[in-house]
Each structure stands twice: as C-alpha cells, then as structure tokens.
Amino acid sequence: MHCGTRNATPRVQSRIRQGGTMSTPVITIADLTSFVDQEVTIQGWVYNWRKKGKLRFIILRDGFGYLQCIVFRPEVEDSVWETAVELTQESSVRITGRLVADDRAPGGYELKVSALDPVHISPEFPIGKKNHGPDFLLNHRHLWLRSKRQHAMMRVRSEVSQSIRDFFYTRGYTNIDSPILTPAACEGTSTLFETDYFGEPAFLSQSGQLYLEPACAALGKVYCFGPTFRAEKSKTRRHLTEFWMVEPEVAWLRFDGLLDLAEEFLSEIISRVLDRCSEDLKRLERDVSKLEPSTRRPYPRLDYGDAILKLNELGSDIEHGDDFGGDDETVLTQQYDQPLMVTRYPAAIKAFYMQPDPADPTRALAVDILAPEGYGEIIGGSERSDSLEHLERQIAAHELPREAFEWYLDIRRYGSFPHSGYGMGIERCVTWICGVPHLREAIPYPRMINRLYP
RNA sequence: UCCGCAGUAGCUCAAUGGUAGAGCGGGUGGCUGUUAACCACUAGGUUGGGGGUUCAAGUCCCUCCUGCGGAGCCA
C-alpha cells in the first residue's frame, strides 16, 4: 500500500542512489506518483507475500510505504520466478519493474516485476501476522519496530519531538543540554541509578532543572530535552526507568505566565501532530475528535482546593493535603475534554525548590497538567523560589545534603530573579496522542523494571 | 516492597483429576488478482523449575522463577 505519510524525497536524490541500472531510477515508495508507467527499482523488505497459481504478490516495504509487486510466471524469466518463490517474510530485495495504476492494488499502484535482486533471504521471521503477547514483542523490539503500528508510533514521536524543538526555537529559547552524570541526588537518592565514577558515586540525572536554572540566568529563555532516569520500582502502564523529558526554564516568568506558556506549548504540539500525522493516527485507529479540543485555548484551570472539593462531590474520600491517586486523576480528567491544569498544591507534597504562594505560604506555585481520557499527568511545573533563606530551610526540611546544593544556591546569591519552568515526559504525551494503553510503545527501546533488553 | 492474575507447539490460545488440541507460522502440493488470500496433506510437546497429594496431575497443594495489571512514587 502506498502511504503518503512522509514527504517525498527529492527526485534528484533518488536518482543518484546506488543499486539501480543505468536506465531505471531507484526510488522510494514515497515518490511513487512521479513514476507511474515508468520502469523503477525499489529497495526494501518483503512485508508479506501471497501466491495464487502462477501469480505471486510481494508486498514490499521500504520504510516510506508499502507497495504490491506482481510476479506473473508466463511474463518473467524463469530465474525471476525462482527468486520470487524463494523470498520469505522480511527478506531484503531490490525489485525492478513497471509501476502501474491498478484499482485492485492496495493504495492504487503496483509494480509489474521484471527483475529481482535478492539481497538477503531471511529465515523464518519471529513476528508473524497474527497477535503476539507484550512480553514476546518486547523481547523482539528490534524486529517489532518493522510493523506498521510501530512505524506510526515512531513517526508521531518524531513529530512531537520536532515540534517541541521548533516551538522553543521560534520563540528565542536557547537549547541547553544538561548533564546525565550528576554528583548528588536532586530530590532524594531512592529513585536514582548509581554508577561508579572513577571511585566516586555518580547518579544518572532524574531532571535537568537544577542545571537549567543557572543557564536561564545566563540566557534568559532556555530548555533542555534529553533522557531522564528514575530507579522507581514502578510497574504500571505509565512508567519507564528511562524516558525523555523536555524542560523549559524562563527568567522573569511568573506563575500565571507559566500556565499560559504550557498551554500554548501543548496546544501547538497537538495541532501540529493532527496536521502532519493524520495517516499515522488513522493507522493507530485514534479518534482524533478526542484530540481536537486540546488544540484550543484556554485549558480549564482548577485550584487544588477546588479539585479536592470536586473529587469529594464525585465520591472520592481524598482529603485536603493528600496528593492525587491514579483513580482521582482519572475521575477528575473525565470531567473535561481538554488537559486540566491543577494549580497551587500544598507545599508539603511538592519539591523543595518551589515558590510559596504569597497569598497562602502553605501552598506552592505549582501546576500539574493532566491529559484527558484518563492519561493523567504529563506536565509538572512551578515558579521557582528566589529566596536563599527559603531554599536553605527547605533543603534542611527535606533532609537533603546541603553541600551538594551550594552551587545551585549561588543562583539566589548572585542576582536572584523570578523564574519558572516545567517538565513534560514525551512518552506520556505520545501515548496520549496515539491513544494507546501503555507507554512502552511510545519509545523505540523501552527501559522498565526487569527489562533492559534489547 | 505489597496485592491480584498468568505461564501448555516458534506465536496466540483450548483441554470435568483419566489417551495434550486448534488457528497462525514452517514444509509439500493445488489455484491468473490476492488484500493477515484460500484448499489439501504434513512435521512440530520433558505443559516455566523443584517438591508433594493421588491408582492417576497441564489440572490440586507448597515453593522458587518469569511476565502482566495495580498500589506507593512520579513525567
């Protein structure tokens, strides 16, 4: 099937690829429509094949799409027929033939094969056409990526990732890559992966934020985007031990401005994916009407206290001061068709670096953004405390090692300033956009508790 | 770490405590338009490991391992 989900590669580039003969251009399936009724060569893998007497149907995939190739025994040389018979699922092959329009072909085009170059005949491919279980598929993740559904997931992820970078780039942000090896715990050692750093303990980063705040004092508007590691022994559909997080940090930005920024950010990502990945979302059988409200602003904003009252009305026994459980998030977000911004959490259940609400110091200027349809928290952010004294008290109260934070406290010693930022886990965002139940499909090689392979 | 569910052919799953089966995949053959093609035949098993109950265990009990779902924690 021809799937126009990728932009056509430049024709000139296609023509100069190696592997074609003098007369036949080597093209990708993305470029099909420019070559109808011409002889072309396509390089790819056998996605599936069927036989019907003297006919063989080879469904070729090349990473850009799918194309039905026809081998008709009376019309090809014996050697071509014999090669066609040998081709197995996922064998790699260069196929040359005449590209024709045919209503019987999936996608409307097919290749009348004249020559076959079997690059490599694959033995029995582990992943068949019927269903497989998650354990088997994850153990074969390197091969699972070849399936249509995974192509769609990876393209959506790539689009989300690119739209994030474009969002910040076009608004004047500087990309700051925060370190992955860090000297000490940011928010407690229990969730950190420890590694040996020339005899000293080092930890894999669980957030770039503490490194981003100094950079934002240097450059005003910055963001980091990279892998993040949490050694939490979580076994749920919403947790990875290695995931990618994007974190903007903005100087002079107050809490209300932060809410606006996060809202603009999310709505732009959703709009762009809906615009550019419609074929992929269709393949994933995503009901895009569920996503369209999220392209519109504003998003509903709910004060933490009001959220508690609302939850109580809805039957939850949650009390003021509690953090939301998974059920609470689900019940709450079912009330809305857009992401829900819950604001001003009790300071006691939030991180040490958050700015207290001037109107009520027991509350923090923090926001969690909960995705609709039960997908839950995808963004957490806050205005950061700009008071050296407050942070020193907080570090002591959280029993964090003071020495490790001296450099961080320097930001409040040398020209302290209001600033705010948030973090978004992109796998959770992609999982929501794709409407899939588990975020293990939203990253090429998921790392989970008990899973480090492949 | 805790709670619940599961583990049988390469894969997905059946099988009252009483001879271990099917579909897909593989192999062989048939078919000139298939759409996860279809039809016929065929190969393929130490029922996750160990221990126990029983005349008899895939099935019941104990234990360990692995996976799945959830809690806590978080993006």
Side-chain angles (χ1 to χ4, degrees), chain A residues 1 47-59 66-75 85 88-90 102-108 110 112 122-140 143-144 147-149 186-188 190-192 206-209 225-247 262 322-330 349-351 367-371 375-381 422-432 437-440 442-443 448-451:
Chain A
M1 186 189 299
Y47 180 75
N48 190 17
W49 59 270
R50 291 178 281 274
K51 57 177 181 170
K52 172 99 181 147
K54 296 184 173 64
L55 271 173
R56 286 187 96 89
F57 300 86
I58 299 164
I59 313 303
Y66 299 80
L67 180 65
Q68 175 164 283
C69 304
I70 311 295
V71 185
F72 185 36
R73 188 167 194 175
E75 294 178 357
V85 169
T88 56
Q89 185 189 359
E90 287 305 322
D102 192 312
D103 291 340
R104 292 170 299 187
E110 64 184 22
K112 301 283 191 189
S122 171
E124 186 183 340
F125 194 64
I127 298 177
K129 298 179 225 170
K130 292 274 184 170
N131 292 337
H132 297 281
D135 187 37
F136 179 83
L137 288 171
L138 287 167
N139 285 335
H140 296 82
L143 304 177
W144 187 21
S147 64
K148 289 181 178 180
R149 179 186 166 84
C186 292
E187 300 176 37
S190 64
T191 64
L192 291 169
Q206 64 172 1
S207 166
Q209 186 203 318
F225 187 10
T228 299
F229 306 87
R230 305 264 169 102
E232 295 156 2
K233 293 186 175 176
S234 300
K235 290 177 67 173
T236 80
R237 67 184 70 204
R238 300 176 55 244
H239 288 88
L240 296 166
T241 54
E242 178 182 312
F243 64 97
W244 281 61
M245 186 154 71
V246 55
E247 298 172 273
D322 293 345
D323 209 348
F324 300 133
D327 291 344
D328 295 319
E329 280 189 2
T330 303
I349 58 172
K350 285 294 180 182
V367 58
D368 279 359
I369 303 185
L370 311 178
Y375 281 93
E377 184 179 353
I378 55 174
I379 285 180
Y422 61 81
M424 182 180 81
I426 82 157
E427 289 78 14
R428 285 190 180 174
C429 182
V430 170
T431 301
W432 164 46
H438 199 301
L439 89 175
R440 62 191 161 211
I443 187 169
M448 296 177 286
I449 183 171
N450 298 335
R451 191 171 291 284

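The chains referred to below are lettered A, B, ... by the order of the sequence lines, with proteins before strands, and numbering in each begins at 1.
- Nearest nucleotide to the L439(A) side chain, out of G70(B), A75(B), G69(B): A75(B).
- For the pair Q206(A) CD and C73(B) P, the interatomic distance rounds to 15 Å; values are reported in whole Å.
- If you take CG of D135(A) and P of G69(B), they are 10 Å apart, rounded to a whole angstrom.
- Under the Watson-Crick and G-U wobble criteria, each requiring two contacts below 3.5 Å, nucleotide U1(B) is paired to A71(B).
- At whole-Å resolution of the value, CD in E427(A) and C1' in A75(B) are 9 Å apart.
- The side chain of K233(A) places an N or O atom within less than 4.0 Å of a non-bridging phosphate oxygen (OP1 or OP2) of U1(B).
- Between the side chain of R50(A) and the base of C31(B) there is no donor-acceptor pair of N/O atoms closer than 3.5 Å.
- To the nearest whole angstrom, the two P atoms, one in G4(B) and one in C64(B), are 14 Å apart.
- Close to G67(B), at under 4.0 Å from its OP1 or OP2, lies a side-chain N or O of N450(A).
- No hydrogens or angles were tested; on distance alone, nothing pairs the side chain of E124(A) with the base of G27(B) as donor and acceptor under 3.5 Å.
- Note: CG (D327(A)) to C1' (G69(B)) measures 13 Å, nearest angstrom.
- Listed pair H132(A) / C24(B) fails the phosphate criterion, with no side-chain N or O lying under 4.0 Å from OP1 or OP2.
- Of the candidate nucleotides C74(B), C11(B), U34(B), U34(B) has the atom lying nearest to any side-chain atom of P106(A).
- Residue R238(A) places no side-chain N or O under 4.0 Å from the OP1 or OP2 atom of G72(B).
- At a cut-off of 3.5 angstrom, counting only N and O atoms as typed in the model, there is a donor on one side and an acceptor on the other between the side-chain of H239(A) and the base of C74(B).
- Residue E110(A) is in base contact, counting any heavy-atom pair closer than 4.0 Å across all strands shown.
- Under 3.5 Å, the side chain of S234(A) and the base of C73(B) form at least one donor-acceptor pair of N or O atoms.
- Taking 4.5 Å as the limit, some side-chain heavy atom of E427(A) sits within range of a side-chain heavy atom of W244(A).
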